[in-house]
Amino acid sequence: MSSINISLPGLNLKNPIMPASGCFGFGREFSQLYDLSELGAIMIKATTLSPRFGNPTPRVAETSAGMLNAIGLQNPGLERVINEELKWLEQHNVPIIANVAGSTEEDYVAVAKAISKARNVHALELNISCPNVKTGGIAFGTIPEVAKDLTKKVKDVSQVPVYVKLSPNVTNIVEMAKAVEQGGADGLTMINTLVGMRIDIKTGLPVIANKTGGLSGPAIKPVAIRMIHEVSQQVSLPIIGMGGVQTAEDVIEYFYAGASAVAVGTANFVDPFVCPNIIKELPALVEQLGFDHISECTGRSWKKNEPLAYHRA
Amino acid sequence: MSSINISLPGLNLKNPIMPASGCFGFGREFSQLYDLSELGAIMIKATTLSPRFGNPTPRVAETSAGMLNAIGLQNPGLERVINEELKWLEQHNVPIIANVAGSTEEDYVAVAKAISKARNVHALELNISCPNVKTGGIAFGTIPEVAKDLTKKVKDVSQVPVYVKLSPNVTNIVEMAKAVEQGGADGLTMINTLVGMRIDIKTGLPVIANKTGGLSGPAIKPVAIRMIHEVSQQVSLPIIGMGGVQTAEDVIEYFYAGASAVAVGTANFVDPFVCPNIIKELPALVEQLGFDHISECTGRSWKKNEPLAYHRA
Amino acid sequence: MIKQEMCEVISQQQIASHIYKLTLKGELVHGMNEPGQFVHLKVSQGMDPLLRRPISIAEIDHENSSFTMIYRADGKGTSMLAEKSEGDSIDVLGPLGSGFPLNAVKKGETALLVGGGIGVPPLYELSKQLVKKGVNVIHVLGFQAREMVFYEEEFSMLGETHIATADGSYGTHGFVTDVISHNGIKFDCLYTCGPTPMLKALEKAYQHKKVYLSLEERMGCGIGACFACVCHTGDDPTGHSYKKVCSDGPVFKAGEVVL
Amino acid sequence: MIKQEMCEVISQQQIASHIYKLTLKGELVHGMNEPGQFVHLKVSQGMDPLLRRPISIAEIDHENSSFTMIYRADGKGTSMLAEKSEGDSIDVLGPLGSGFPLNAVKKGETALLVGGGIGVPPLYELSKQLVKKGVNVIHVLGFQAREMVFYEEEFSMLGETHIATADGSYGTHGFVTDVISHNGIKFDCLYTCGPTPMLKALEKAYQHKKVYLSLEERMGCGIGACFACVCHTGDDPTGHSYKKVCSDGPVFKAGEVVL
Ligand SMILES: Cc1cc2nc3c(=O)[nH]c(=O)nc-3n(C[C@H](O)[C@H](O)[C@H](O)COP(=O)(O)OP(=O)(O)OC[C@H]3O[C@@H](n4cnc5c(N)ncnc54)[C@H](O)[C@@H]3O)c2cc1C
Ligand SMILES: Cc1cc2nc3c(=O)[nH]c(=O)nc-3n(C[C@H](O)[C@H](O)[C@H](O)COP(=O)(O)OP(=O)(O)OC[C@H]3O[C@@H](n4cnc5c(N)ncnc54)[C@H](O)[C@@H]3O)c2cc1C
Ligand SMILES: Cc1cc2nc3c(=O)[nH]c(=O)nc-3n(C[C@H](O)[C@H](O)[C@H](O)COP(=O)(O)O)c2cc1C
Ligand SMILES: Cc1cc2nc3c(=O)[nH]c(=O)nc-3n(C[C@H](O)[C@H](O)[C@H](O)COP(=O)(O)O)c2cc1C
Ligand code: FES
Ligand code: FES
C-alpha cells in the first residue's frame, strides 16, 4: 500500500483529505458520524470579527451536478469561534485550517492575528473569494494588487502559515496567484465557487433569496482542474485543490493537475462519510497507479508527457 | 396557445430557438433528421478567412453534466462557406447567423465583410470568445477596449446587424458588454464555454489533446443565467442566451434572466431532435405561465418582484 | 444516532393525486423514536439529482424494522422516488432533527393536530403515539382538493378527524383555521405541520396556547453543518441568534423562531 | 435513414470477462444494411452520464426487428448499460456511419477478417453477410487473455478461425499479425477493426492489398455535425482535408485517412 501522508507549510497531514470550509461547520455534527481524527485536517467555516447571521433563506439551490449557496458567511464571530468552537475541537487530534473572512483589511488582520494563536490552528485560509457578501470583498479576490497587500498584512500578524483561497471568477487566475505569492502567501487553496444563479420557473424569481450564489460540486471540477494545472506551473506555492471532489479518483485528478492536498465540500452533503471513505480507498489506488507515495502524483500531467504504464486490467 | 415569434435586429424569427454555433455544423446532417425551416434561426459553425483543420484529437471529453471541446475552429474557410455551405442552406427557409472568427482584426473584418453579403445571412455573431485557439484571440474576448475596437471595425463593414458573443472567462462581464455596446454592437450572444480540463486517471495526461477545452452543457447554465441577469440590467442590447439549454423550461429561465432568444448547443448531441421538441412545447408552456407572448418573459426576474400567480396544479 | 443505510423498499403505492406512500426496511429505524423527525434520501446513485431530499417519517414500525413516508411527487427527485418499487434500495440518512414533544400533553388531555397538504404525514406517527399514551386527539387536515386527500380513514381510527379543502370539493370549504373555530374545537396542546402561511395563522390565533410547529426549509446537509436552513429566533428576531431547521427543528415551540 | 427510437431490451448476458451481449428490438433495425455501422446509445434518461456512447452493430436480425451489440463494461456509461435487463428500454440513435463494403470481394474469393478485442463484434455481421454471398472467410481474432475471448464458436461456424492472446493464455501467443504470417494466410481482401496500433501494423504489412479498417474516435454528435472525430486524409496528411469517423467512417479504405 502506498503512502498518503503529506507535508505542507504548517501542516503535517496523515492524509491529504480535508473537508472544505463551510461544508463541515466546526466539525461538531460530523463528529457524531465518525472520528474526526481520521481526517487529514479540517477547514472550518469562515470566521469574521463580529458574529454574522448571513443571508435570508432560501440559501441553497440545486443545479445540474452542482449546487448554489449564498450562506453569507454566517458564523458566531471571532471570539466565540476561538473560545467555543476551536476549544471544543481540541479534543480531536486533527490540525485545523482557519478560514478568515472580512469586509475590510482591518477585519481580516484582526481575525488572522487572534485566530492564528489558537493552539490547534496550524494554518490560515485567507478567504478573499467569497461571492456571497455584498460589501467590499470582491476587490480582494479580483484585483491582484489588493490581494497582494492584504496577504502581506495578514502574513505580518499571523503566527501560522497563510494559504490564500482564490476565486475562479477572474480573467487571469495566474496573475492573482502570482500576486499573493509576492505578498508572501505560503500556499494556495483553489477554487472557491463560481458565481451563478437559478430562476424558479413557477415564480419567475431567483431561487436564492440573495439572487446569486456560489456554484459548487462536480459541475465545476473541470474549471478547477484547469486553473490548478495552469497556476501550479507558474507559481511555486503548494496548492490545496477543491471543487467537485467525490471519489479517490477525483483526488488523483487534482494531484495530477498540480495539487498537493484536496478539500471536499459539497460531497459531504451527498454522502456524509465521503471523506473517511476516500481516505480508506486512496492508498490502494495510489499503489495501483504505480506510485509509492501520493506526492509523486502532484503535477504529473504537466511534468511528464508519456502516459502511465498502468491501465486497469 | 401563446405566441413565440420574436423580432430582433436583423432577425424576424418564427420562434426564439436556434442551434448554437459549432453544435450543428452547417445544418446538412440535421437536415436528414428534420426540416430545418422549423428552427427560428441557425447559428452556423465559426468561419475563418482561410480553411482550418483545427486541433488534434481527442477533441471532446465528457464531464459531470457537461462536456469539454477543443475543436479549434475547424472549418472550410470563408470562400467555401459562402459558395458551398450558405448556398446549400438557401434551399431552407431559415435565417442564418454567421459566426465570425479570426486571430487578427484584419481576419475578422475580411470575413465579416464578405459573409454579411450572403443572401441568407441575417446577422453576424462575432466570436471573440473561443477558448480553443492558441494565437491572438484571447485579448478580443477579455479586454474591453480591444473588444470595442473590433466591434466597431466589424460594424463598419457588415451589411447586417452584429451580435457579439461574450466569453464567461472574465472578471467583469458587464464591462465587456458595455464595451461592445459602445462599439456599436446590435446584440449580444452569451455565453461561450468556460475554460476547463479533465485529466485521465489511467494515463495521467489531459484527456483532450489540446489539454484545455471549453466547458458546455447543463453544468454551466447557472453561470450563464447569472451573467445574463447581470448584463441585461446594465445594457440595452437584446441577448441571445445559451449554455446548457435542454428543455422548454430552460428557455423560460433564460428569458426570465433577460434573454430575448435562446440557442441550444450540447443538447443537440444528446437528443438531435431537441430543438424541434422545444419549439413544439414552448407555446403551451408560455400560456400555462400566464403570458400571451414569450417576449413578456424577458427580464421578468428583475423587472418584477412578486412571484407569478401560476403554480403547477 | 444518525445512520446512513441502504434501505430496501418494502412497498410503494400511490394513495392520492401525485401522493405516494413508501415503506422502507432498515436498521436505522431503531434510532427513530420521536414523531416529527425526518430522513434525507438520495433518490439516485449518480449525480442527477445531486442532493438528498428531506422527507418526514410518517409511521415507524420497530417490530418490522420498517418506516413509512408519504410524499408528493412533484420535482425531479420525488418523481424519481415514485418510480422505485419493491426490492429496490434507497440510500437513507437519518433519523434527523428533533420532533414533536410528546410530554407537552398529559394522559387524558386533548391534543389538536393540524396538517396542511404534504405537512400531514408526520402527524400520523405523532397521533399514534399520543393515543398510545392515552391522549385524546383531534385532527384537522387541509388539502387543495378532493383528489389530494389522503389518510382520512387512518386518522379517523385514532380520533375525531375534520377535512378541509381549499376549493371545497371535499369536507369543509376553506382553511383549517376556519374548521377549528367553526367547530369550537378545544385543546390543551396544538401540533402542526404545513405551509408557512398556515403555521403563521395558527401561531397568531393561539398565542396563549401551547403550540408546536414543524417547519420546512431548503437544505444542504440536513445535519446542521452547512447553515443553509437557519431562521431567526423569536427573542432576537433581527440579530445573530439562530436555529437550524434541520437539527434544532424541524419542530419548534411557537415563538421560538421567526416564521 | 438515421432514426432515434426507444428500443426494448430483448436479452442481455455476460459472455466473457467484462464483455456483454445485448440484443435490442426496434424499427430502426430496418435501416441497418451495411455491416460495420454503429449506433449511439443514451444509457440513462438523466444527465449522468450526459453524452451518448457509440457501439458497433454486431448482428442484425431484420426478421425479428432486432440487433445485437457486444461491448466491454468499463467506464460509467457501459457499466450502466450492463445493468439493463429484459423489458427495459434504451434510447438509440442509428444506424450511423458507413460500414464495410461487401462488394470489395467477389463470390469464391477469400476475405480475411482481423479483429482485436472489442473491435471483434462488427466483424461478426460482416462475416455472416460475406458467407451468404459465397465468399470464403478466415477470422483472426486477438484478445488480451483467455477470459476475454468471446464468440470463437460463432465465428468458427462461418469459417476458419484463429485466436491469439497477448499473454498466451489461449490460442496462439502474440499478435494477430504473427498469426497471419505464421499460418501463411492468403486473402483477396482484408477487413479489420481493433486498436490503432493493430490497424497500423496491418496497413503497413499489406500495403499492396485491398484493406478496410474500422476506426475509433471520441465522439460528440455521432452524426457529422460537431467535428469532434475528424482525421487527416491520406493524400493531404497535414492539410485541411479531413474525414469524419462518425459519418464518413468508421470504415475507411487503407490509406484513405491517417491513422
Ligand atoms: C423537514 C422536511 C420534511 C419534509 N417532509 C416531507 C414529506 O413528508 N412529504 C413531502 O412530500 N415533502 C416533504 N418535504 C418537502 C420535500 O423535501 C420536497 O418536496 C422535495 O425536496 C422536493 O424535491 P424534488 O426533487 O421533487 O423537487 P425539485 O424542485 O427538483 O428540488 C430541487 C431542490 O429544492 C429542494 N426543495 C424543493 N422543494 C422543497 C421544499 N418544499 N422543502 C425543502 N426543500 C425543497 C429539493 O430538496 C432540492 O434540493 C419536507 C421538507 C422538509 C424540509
Ligand atoms: C464507432 C465506434 C464503435 C464502437 N464499438 C464498440 C463496440 O462494439 N463495443 C465496445 O465495447 N466498444 C465500442 N466502442 C468503444 C465505446 O464507444 C467506448 O468503450 C465507450 O464509449 C466507453 O464509454 P464508458 O462510459 O464506458 O467510458 P467513459 O470513460 O465513462 O467514457 C467517457 C467518454 O469518453 C468516451 N469514450 C471512452 N472510451 C472511448 C472509446 N474507446 N471510443 C470512443 N469514445 C470513447 C465515451 O463515449 C464518453 O463520451 C466503439 C467506439 C466507436 C467510436
Ligand atoms: C454551503 C457552502 C458554504 C461554503 N462556505 C464557505 C466559506 O465559509 N468559506 C470559504 O472559503 N468557502 C466556502 N465554501 C466554498 C467551499 O469551501 C469550496 O471552495 C467550494 O464549495 C468548492 O468545493 P466543492 O465543489 O467540493 O463544494 C462554501 C461552499 C458551500 C457549498
Ligand atoms: C463541440 C462544440 C463546438 C463549438 N464551436 C463553436 C464555434 O465554432 N463558435 C462559437 O462561437 N461557439 C462554439 N461553441 C460554443 C457554443 O456555441 C455554445 O456557446 C456553448 O456550447 C454553450 O452552449 P451549450 O451549453 O448549449 O452547449 C461550441 C460548442 C461545442 C460543444
Ligand atoms: S441543512 Fe445544513 S445546516 Fe441545516
Ligand atoms: S462525432 Fe460529431 S462530427 Fe463526428
Side-chain angles (χ1 to χ4, degrees), chain A residues 61 63-68 138 142-143 167-172 194-206 211-213 215 217-230 244 246 249-250 252-254 256-257 285 289 297 300-302 304-308 310-312, chain B residues 61 63-68 138 142-143 167-172 194-206 211-213 215 217-230 244 246 249-250 252-254 256-257 285 289 297 300-302 304-308 310-312:
Chain A
T63 71
S64 299
M67 67 177 281
L68 294 170
I138 190 82
T142 57
I143 304 176
S167 164
N169 304 293
V170 296
T171 308
N172 190 337
L194 284 160
V195 185
M197 179 184 277
R198 282 213 48 197
I199 299 171
D200 188 325
I201 217 66
K202 299 182 196 173
T203 65
L205 300 175
K211 292 182 185 165
T212 60
L215 182 62
I220 69 168
K221 199 183 72 175
V223 175
I225 293 289
R226 183 269 292 185
M227 289 186 165
I228 292 171
H229 182 266
E230 221 175 309
Q246 289 194 306
E249 280 80 10
D250 292 335
I252 299 296
E253 193 172 347
Y254 270 88
Y256 285 167
L285 178 59
L289 294 167
C297 299
R300 176 62 171 75
S301 68
W302 49 265
K304 294 242 167 73
N305 234 329
E306 71 284 13
L308 281 166
Y310 164 80
H311 278 78
R312 224 175 299 212
Chain B
T63 70
S64 299
M67 67 177 281
L68 294 169
I138 189 83
T142 57
I143 304 176
S167 164
N169 305 291
V170 295
T171 309
N172 190 336
L194 284 160
V195 185
M197 179 185 280
R198 279 213 50 196
I199 300 172
D200 189 325
I201 218 68
K202 299 182 197 175
T203 64
L205 300 175
K211 293 181 184 165
T212 60
L215 182 63
I220 70 167
K221 199 183 76 177
V223 175
I225 293 289
R226 182 268 292 187
M227 289 186 164
I228 292 170
H229 182 265
E230 220 176 309
Q246 289 193 307
E249 279 80 11
D250 292 336
I252 300 295
E253 194 173 345
Y254 270 88
Y256 284 167
L285 178 60
L289 293 168
C297 298
R300 174 62 169 76
S301 68
W302 50 265
K304 294 245 166 73
N305 234 330
E306 72 282 13
L308 281 165
Y310 165 78
H311 279 80
R312 224 175 298 213

Give the member of [options] that has the highest number of heavy-atom pairs under 4.5 Å with chain B.
{"options": "A:A219, A:P206, A:A61", "value": "A:A219"}
{"options": "A:A257, A:P222, A:G196", "value": "A:P222"}
{"options": "A:L215, A:I228, A:I220", "value": "A:L215"}
{"options": "A:E253, A:M227, A:R300", "value": "A:E253"}

### Task
Name the option with the most non-hydrogen atom pairs under 4.5 Å to chain A; the candidates are B:D250, B:N305, B:L68.
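Ranked by heavy-atom pairs under 4.5 Å with chain A, first place is B:N305.
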### Top contributor to chain A interface from B:Y256, B:Y254, B:W302 [non-hydrogen pairs under 4.5 Å]
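Heavy-atom pair counts peak at B:Y256.
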### Message
Could you go through A:S301 and A:H229, starting from their C-alpha distance and side-chain angles, then the distance that decides it, and tell me whether this counts as side-chain contact (heavy atoms from CB on, under 4.5 Å)?
### Response
CA-CA 8 Å; A:S301 68; A:H229 182 266; 3.3 Å; yes
### Query
Do A:I225 and B:I199 have side chains that get closer than 4.5 Å, going by heavy atoms?
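Yes. Closest side-chain heavy atoms under 4.5 Å.
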### Message
Which residues pass the salt bridge (charged side-chain N to carboxylate O under 4.0 Å, His left out) test with B:D200, not counting sequence neighbours?
### Response
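So B:D200 forms no salt bridge (charged side-chain N to carboxylate O under 4.0 Å, His left out) with any residue.
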### Task
Considering non-hydrogen atoms only, spot the tightest contact between A:K304 and B:L205 and give its length.
O-CD2, 3.4 Å
### Query
Given a strict heavy-atom distance threshold of 4.5 Å, which part of A:I252 is in contact with chain B: side chain, backbone, both, or neither?
both
### Query
Under a 4.5 Å heavy-atom cut-off, does chain B meet the side chain of A:E230, its backbone, both or neither?
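No part of A:E230 comes within 4.5 Å of chain B.
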### Query
After noting the C-alpha distance and the side-chain angles of A:R226 and B:N169, does the key distance pass the side-chain contact (heavy atoms from CB on, under 4.5 Å) rule?
CA-CA 12 Å; A:R226 183 269 292 185; B:N169 305 291; 4.1 Å; yes
### Message
Report which part of B:L194 has an atom under 4.5 Å of a heavy atom belonging to chain A: side chain, backbone, both, or neither.
### Response
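Just the side chain, heavy atoms under 4.5 Å.
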### Query
With no hydrogens and no angle check, do the side chains of B:T171 and A:T171 hold a donor and an acceptor under 3.5 Å apart?
yes
### Query
Passes side-chain contact (heavy atoms from CB on, under 4.5 Å), B:E249 versus B:L285? Steps please.
CA-CA 8 Å; B:E249 279 80 11; B:L285 178 60; 4.1 Å; yes
